[in-house]
Asker: 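Submitted below is the structure of interest, expressed as structure tokens.
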2 protein chains.
Amino acid sequence: MAAEAKKKRIVVVGGDAAGMSAASQVKRQRPDWEVVVLEQGDYVSYAACGMPYYVEGRIAELDELVEITPRAFREKRGIDLRLRHRAVAVDPGRRTVTCELAAGGREEIGYDDLLLATGARPLVPDQVTPGKRVLTINNLAEAQRVRQQATAAGVRRVAVIGGGLIGLEMSEAFATLGLATTLVHRREHLARLLAPAISSLVKEELQRQGVELCFGAALEGIESRADGVTVLAGGRRLEVDLVLLALGVVPNSELAAAAGLELGVRGAIVVDDHLRTSDPHIYAAGDCAQGRMLVDGRPIFTPLALKANREGMTAGLVMAGLEASCPGTLGTAIAKVFDLGIARTGLTLEEAAAAGFQPVQNLITTRSRARYYPGGGPVHVLVVADRRDGRVLGAQLAGPLDAVKRIDTFAVIIQQGLTLDQVLELDLAYAPPFSPVWDPVLLAARVTRKQL
Amino acid sequence: MAAEAKKKRIVVVGGDAAGMSAASQVKRQRPDWEVVVLEQGDYVSYAACGMPYYVEGRIAELDELVEITPRAFREKRGIDLRLRHRAVAVDPGRRTVTCELAAGGREEIGYDDLLLATGARPLVPDQVTPGKRVLTINNLAEAQRVRQQATAAGVRRVAVIGGGLIGLEMSEAFATLGLATTLVHRREHLARLLAPAISSLVKEELQRQGVELCFGAALEGIESRADGVTVLAGGRRLEVDLVLLALGVVPNSELAAAAGLELGVRGAIVVDDHLRTSDPHIYAAGDCAQGRMLVDGRPIFTPLALKANREGMTAGLVMAGLEASCPGTLGTAIAKVFDLGIARTGLTLEEAAAAGFQPVQNLITTRSRARYYPGGGPVHVLVVADRRDGRVLGAQLAGPLDAVKRIDTFAVIIQQGLTLDQVLELDLAYAPPFSPVWDPVLLAARVTRKQL
């Protein structure tokens, strides 16, 4: 516990990963402080990343995605958790938050320090109105609706709009349910964060698994009728029963903007390493808060779960008066696309060039296990390094599901600024069921080094 | 290719990982140099670590373990590879090696630079004589013999003597073949390199899979008869049909000793970072060469495949006149014990204390995947850190097979000297099929930090 400090009231807006991590951390450090969490919905602390697997049926009950119940937060952690309270205004001068209650009426709550953990929401184009057959998946209530619709009688065809990680995971979920699934994506390649070579492997896997690809097809409109939906994209008309919008997410920063806080990349709230906004008594953490790319210090919008959890914990410590900081992220991400695992961390070739590096990129294909040991498969490793000093700037992997978590090895390598020569000195683990003697990470470094 | 240099003759003694890596590297850098490899057996460049899986029948043919054939080395790489040539003496003054040929006769070969890559051999206690029913497994010919004996008519019971990684892997191989398998080990816990808590998990898995454990039982003798073997250990008599000796290995350094080279830990040949022995024209690499623990600089004997391959490559570069070095190892190791994966890197608590650190040790148990995502399992993470500055000194893992390669993350952490606070800042990958939000590596750091 921290040294004694003036008793405060901390108010948190938003009850998912960042908000509840922060609230819990403040109470852990300052059990006698008052911590109020305002959550507009019915659920807190749920695993949003698990929602595709609920839709797919791999996870039977929605409740399984709830990490800690509201009751446990209230009774075990002593947090004043108020569900169905939607924060609608912040007054930084008077230090108050105004809420609208789902039950009706308004409340005004004063704070000593405020944390905005309002998250992000799916991007919905101007010409589209979500409805019964045009869905987004942004919280447990929406996940339930998607599951209900996807398994409803007469629903056979679905279009997923957007080839980001959520679009890929949802395509797998729908196809696994037996729906005829089309993935509509505006570019020829997937998310900018994946190199074209990795993107091609993902496209092959989707096709192998029966997902129809409609690529290079920008969304032009969605026409909803009682009995179906027409998707207009890239000059084509797609007749489906259901549409899932997965065009990326935007930060929920309207409250922050109205309170006069500084906004940054894509409207995310600007924070420093201690999660402080431009107001000395307001913090922000998680998907609504701007991140920083560790390699080049550039501000980024990177709504990822670990970032949200870590920032929540850190903001809680800082609000409780302790030393803590979040230096930034590498945008490390991993995803299952049917039987293919993909992962990425750090900069792409284009990002590295834009940041002033002189990047080279190299792709190798090797084995996930010893050549002769059964059950392995090809693993593709892409490395981006600086030609001048051999520093590793980014990496991407595609391969068997049990092979791609080694992106973490690259994450440490990049975060520590190691060169390819230093990578070659790493003592990584080898045994035939796990790896070739020269682990794919080492082999990629060996081969890429020759390109410098 | 390297800048021009005086044409030399390089002689390599030993044709496995270190020797063939070195020979290949010299020819790659200096195609016009003469490279002679003297190998006493019939095989070169084979995957010794794959032998348990050949015995088990998971790998059908012995040839699958051969990475590159003698013919390919001769014809594609231009190496003068001489099989069945056993080096019996080195004269450092005259720079010659004397060989005994299996076909009869002797040869003397002059060298400009010599590499000793003589490997290691199984330790055989004085009171034991290997024979038809008392076997070791040190090369492909021996692996074939073990496989033949283990699958011979009438062979039902086998004793494995020694609970190191090879003993564990061979116990699994025999049990998988349906043999009643007893693992005899002199201590109550497994290899000193595994912490007791990890050792206990391994023992549980062995028992669960039907391997009988005879622990705390030092070997007292082995009585071989035509129809069986009696193992005397810890006051017990074990009647079996077959015995495998897996009491660890000793470096083949007799040639080096006779040539007057300096020997170190357990008789391994002392080398510097450039693989140079105490003689300016003799190098040593692989299992016969002494290693260095990166964390504390202490000389160690650590006969592992990656070390051998890397040292061979490095020795080849150095002999070819290029800049290259091997700074040392962490003794990183990983093994499959039935359905349990185990892995270790860096120092144990005892080693850390002996090296002058003030170590704390902490074991956590968490999940290999998101709690709600099927197919995961408990993963146990043990961290050794210095109490004074939080620097991570060692780590061990036990858990599902697809969970323990994350020992590599720890290997980079330890090799780079990161503290627990720095580990907590790492941006590791998360998605439900791969990890909890807080990866086991991060969670272990969080929890261990509280112990400082």
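Bear in mind that the values here come from a model prediction, so they are computed numbers and not experimental data. Chain letters run A, B, ... following the sequence lines, proteins first, then strands; residues in each count from 1.
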Asker: Need one label for Gln416(B): side chain, backbone, both or neither, based on atoms under 4.5 Å from any heavy atom in chain A.
Answerer: side chain

Asker: Which of residues 302-312 of chain A get closer than 4.5 angstrom to chain B, counting heavy atoms alone?
Answerer: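 Within residues 302-312 of chain A, the residues that come under 4.5 Å of chain B (heavy atoms only) are Ala305(A), Leu306(A), Asn309(A), Arg310(A).
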
Asker: On a heavy-atom basis, which atom in Asp427(A) and which in Gln415(B) lie closest, and how many Å separate them?
Answerer: N-OE1, 3.1 Å

Asker: In terms of heavy-atom pairs under 4.5 Å with chain A, which of Asp421(B), Leu401(B), Thr345(B) leads?
Answerer: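 That would be Leu401(B).
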
Asker: Looking at chain A, which one of Ala411(B), Pro52(B), Pro327(B) has the largest number of heavy-atom pairs inside 4.5 Å, strictly under?
Answerer: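 If we count pairs closer than 4.5 Å to chain A, Pro327(B) comes out on top.
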
Asker: What part of Glu425(B) gets closer than 4.5 Å to chain A, counting heavy atoms only: side chain, backbone, both or neither?
Answerer: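 Contact with chain A: backbone and side chain both.
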
Asker: Give the minimum heavy-atom separation between Ala143(A) and Met51(A), together with the two atoms involved.
Answerer: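 Here Ala143(A) and Met51(A) meet closest at CB-SD, 3.8 Å.
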
Asker: Is there a side-chain contact between Leu424(A) and Trp438(A) in this structure, where contact means two heavy atoms from C-beta onward sitting under 4.5 Å apart?
Answerer: yes

Asker: Are side-chain heavy atoms of Ile413(B) and Leu426(B) found at a separation under 4.5 Å?
Answerer: yes

Asker: Tell me which of these, Asp402(B), Leu442(B), Leu165(B), Leu428(B), has more heavy-atom pairs under 4.5 Å with chain A than the rest.
Answerer: Leu428(B)

Asker: Hey, which of Arg446(A), Gln422(A), Arg344(A), Glu169(A) has the most heavy atom pairs under 4.5 Å with chain B?
Answerer: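 Looking at each option in turn, the highest pair count goes to Arg446(A).
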
Asker: Is any side-chain heavy atom of Leu65(B) closer than 4.5 Å to a side-chain heavy atom of Ile59(B)?
Answerer: yes

Asker: Does a side-chain heavy-atom distance below 4.5 Å link Ile334(B) with Tyr430(A)?
Answerer: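 When only atoms from C-beta onward are counted, Tyr430(A) and Ile334(B) do not touch, as no gap falls below 4.5 Å.
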
Asker: Do the side chains of Asp273(A) and Arg292(A) get close enough for a salt bridge, i.e. N-O under 4.0 angstrom?
Answerer: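 Yes, charged N to carboxylate O under 4.0 Å.
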
Asker: Could you tell me if the side chain of Thr409(A) sits less than 4.5 Å from the side chain of Val412(B), heavy atoms only?
Answerer: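 Yes - at least one pair of side-chain heavy atoms lies under 4.5 Å apart.
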
Asker: Does any backbone or side-chain atom of Ile407(A) lie under 4.5 Å from a heavy atom of chain B? Answer side chain, backbone, both or neither.
Answerer: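 The answer is the side chain of Ile407(A).
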
Asker: Select one option (side chain, backbone, both, neither) describing which atoms of Val404(A) are under 4.5 Å from chain B's heavy atoms.
Answerer: side chain

Asker: Under 4.5 Å from any heavy atom of chain A, what part of Lys336(B) do you find: side chain, backbone, both or neither?
Answerer: both

Asker: How about Asp16(B) and Asp287(B): do any of their side-chain heavy atoms sit closer than 4.5 Å?
Answerer: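 No. Closest side-chain heavy atoms not under 4.5 Å.
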
Asker: Using non-hydrogen atoms and a 4.5 Å limit, figure out which bit of Arg406(B) sits close to chain A: side chain, backbone, both or neither.
Answerer: side chain

Asker: Which one of Ala333(A), Gly50(A), Ser325(A) has the most heavy-atom pairs closer than 4.5 Å to chain B?
Answerer: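 Looking at each option in turn, the highest pair count goes to Gly50(A).
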
Asker: So what's closer than 4.5 Å to chain B heavy atoms on Cys326(A): side chain, backbone, both or neither?
Answerer: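 Contact with chain B involves no heavy atom of Cys326(A) at all.
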
Asker: Using non-hydrogen atoms and a 4.5 Å limit, figure out which bit of Glu61(B) sits close to chain A: side chain, backbone, both or neither.
Answerer: neither

Asker: Kindly write out the residues that satisfy side chain to side chain contact (heavy atoms under 4.5 Å, CB included) with Ala370(A), not counting sequence neighbours, or none if the list is empty.
Answerer: Tyr372(A), Tyr373(A), Pro432(A)

Asker: Select one option (side chain, backbone, both, neither) describing which atoms of Phe434(B) are under 4.5 Å from chain A's heavy atoms.
Answerer: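 Its backbone and side chain both get close to chain A.
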
Asker: Out of Pro374(B), Ala431(B), Cys49(B), Ala17(B), return the one with the most heavy atom pairs under 4.5 angstrom to chain A.
Answerer: Cys49(B)

Asker: Could you check whether Arg371(A) pairs with Glu67(B) (Lys NZ or Arg NE/NH1/NH2 to Asp/Glu carboxylate O, under 4.0 Å)?
Answerer: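 Salt bridge between Arg371(A) and Glu67(B), a charged N being under 4.0 Å from a carboxylate O: yes.
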
Asker: Name the region of Arg369(B), side chain, backbone, both or neither, that has any atom closer than 4.5 Å to a heavy atom of chain A.
Answerer: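 For Arg369(B), no heavy atom lies under 4.5 Å from chain A.
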
Asker: Does any part of the side chain of Leu140(B), heavy atoms only, come nearer than 4.5 Å to the side chain of Val66(B), both counted from C-beta?
Answerer: yes

Asker: Determine whether Ile414(A) and Leu393(A) make a side-chain contact, defined as any pair of heavy atoms from C-beta on separated by less than 4.5 Å.
Answerer: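 Ile414(A) does not reach Leu393(A) side chain to side chain.
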
Asker: Can you see which heavy atom on Ala444(B) is nearest to which on Val383(B), and at what distance?
Answerer: CB-CG2, 3.7 Å

